[in-house]
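Quick notes on the structure that follows.
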Amino acid sequence: MAEDSELWDVICDDPYVPTKVLEEHPFSMPKTNKDYTDADKKVMKKNFHAKKILVCGIGPEEYNIISACDTAKEIWESLQTAHEGTTQVKQSKIDMFTTEYELFRMKDDESIQDMHTRFTSIINELHSLGETIPTNKLVRKILNIMPSPWESKVNAITESKDL
């Protein structure tokens with residue numbers, strides 16, 4: 001578990017660059033490979049390990065997107081942009097799925113299972129974009145859109161104290 005969190009830190013943080021301190025300006029500069037300490041090598045190894053995990057989990061098309069990346073962080077950011085889009089694209093997707101959620105209604109010829117599948121798909125998309133809707137709001141939304149033959153059941157659920 002500790003190794004996993006350390007690898008995630010390598011992916012999220014700026015890449016570690018071993019440096020040596022100088023007495024004159026500039027006061028530090030990157031070390032050459034032969035000057036690496038055991039601690040430097042350990043941290044650099046974590047970046048290679050994180051890169052390997054990321055690369056092993058992607059297909060050939062995604063590999064083309066990240067092939068020029070040098071660090072695990074660059075790979076992760078490239079994959080995020082490729083799948084989520086830029087911040088503006090992500091916000092547009094959130095807005096679109098939020099509107100879809102707000103306007104969600106059960107179709108006339110739709111089964112409860114099909115309606116639930118469509119609803120869950122919208123919620124999952126929002127969740128994958130970092131937007132979480134509390135469970136009680138989701139339940140209320142479903143109850144509000146149920147067709148009239150379900151009215152007695154909806155009323156019984158709504159009146160219960162566990163909602």
Side-chain angles (χ1 to χ4, degrees), residues 1-18 42-163:
M1 183 67 171
E3 180 182 359
D4 293 341
S5 70
E6 288 175 4
L7 289 175
W8 185 244
D9 290 343
V10 167
I11 291 169
C12 292
D13 296 339
D14 286 327
Y16 174 75
V17 178
K42 185 178 176 184
V43 175
M44 297 299 285
K45 186 176 181 179
K46 288 197 182 300
N47 183 57
F48 290 122
H49 189 64
K51 282 175 58 175
K52 183 173 96 174
I53 289 171
L54 290 170
V55 170
C56 288
I58 61 173
E61 290 177 15
E62 291 170 319
Y63 183 78
N64 290 334
I65 294 168
I66 59 98
S67 62
C69 297
D70 293 323
T71 66
K73 181 177 180 152
E74 289 176 4
I75 292 172
W76 183 252
E77 288 173 348
S78 294
L79 290 171
Q80 272 188 309
T81 301
H83 289 276
E84 293 178 0
T86 63
T87 306
Q88 289 175 323
V89 171
K90 183 177 176 181
Q91 189 56 53
S92 293
K93 286 180 180 179
I94 290 170
D95 293 344
M96 179 185 73
F97 285 114
T98 300
T99 302
E100 212 172 314
Y101 165 78
E102 290 168 352
L103 299 176
F104 188 85
R105 296 287 176 260
M106 186 172 176
K107 298 176 182 175
D108 291 336
D109 60 341
E110 189 172 39
S111 70
I112 298 292
Q113 181 62 42
D114 290 343
M115 180 268 304
H116 183 264
T117 301
R118 267 190 328 114
F119 186 75
T120 302
S121 177
I122 294 167
I123 301 312
N124 288 343
E125 288 289 347
L126 282 167
H127 186 74
S128 73
L129 293 166
E131 291 291 310
T132 305
I133 300 171
T135 304
N136 63 341
K137 281 190 169 188
L138 298 175
V139 171
R140 287 185 199 285
K141 180 71 173 177
I142 289 289
L143 292 175
N144 288 334
I145 63 168
M146 295 301 289
S148 55
W150 287 77
E151 189 173 340
S152 62
K153 292 175 185 171
V154 169
N155 289 337
I157 293 169
T158 305
E159 292 170 4
S160 79
K161 294 179 182 177
D162 295 331
L163 184 65

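Residues take their numbers from the sequence shown, with the count starting at 1.
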Mind checking whether Phe104 and Met115 have side chains closer than 4.5 Å, heavy atoms only?
-> yes
Just how far is it from atom SG of Cys56 to atom CD1 of Ile53, taken to the nearest 0.5 Å?
-> 8.0 Å
Taking every non-hydrogen atom, the tightest pair across Ile123 and Ile133 = CD1-CD1, 4.0 Å
Side-chain heavy-atom pair Glu125, Glu100 within 4.5 angstrom cut-off = no
What distance do Thr132 atom OG1 and Leu126 atom CG have between them, rounded to the nearest 0.5 Å?
-> 9.0 Å
Value for NZ (Lys73) from CD (Gln80), rounded to nearest 0.5 Å, stands at 10.0 Å
For Glu110 against Arg105, the heavy-atom pair lying closest together | OE1-O, 4.4 Å
May I ask you to decide if Thr117's main-chain N or O and Thr120's side chain share a donor-acceptor pair within less than 3.5 Å?
-> no
Option passing side-chain contact (heavy atoms from CB on, under 4.5 Å) with Phe119 (candidates Asp114, Asn124, Leu138) | Leu138
Could you name each residue pair satisfying ring pair (Phe, Tyr, Trp, His ring centres under 6.0 Å) that touches residues 54-76, not counting sequence neighbours?
-> Trp8-Trp76
Pi-cation contact, Tyr101 with Lys141 (under 6.0 Å, within 45°) | yes
Atom of Phe97, atom of Leu129 and distance for their closest heavy-atom approach | CD1-CD1, 4.1 Å
OG1 of Thr71 to CE of Met44, rounded to nearest 0.5 Å, is 10.0 Å
Has the side chain of Glu77 got a donor or acceptor atom that lies under 3.5 Å from a matching backbone atom of Glu74?
-> no
Where Ile11 and Ala50 come nearest, the two heavy atoms and their spacing = CG1-CB, 3.9 Å
Pairwise side-chain contact, Leu7 with Lys46, heavy-atom cut-off 4.5 Å (strictly under) | yes
Rounded to the nearest 0.5 Å, how far apart are OG1 of Thr99 and CD1 of Ile94?
-> 11.5 Å
Nearest-0.5 Å distance that lies between atom NZ in Lys107 and atom CD1 in Ile145 = 11.5 Å
Are any side-chain N or O atoms of Asn47 and backbone N or O atoms of Val10, one a donor and one an acceptor, separated by less than 3.5 Å?
-> no
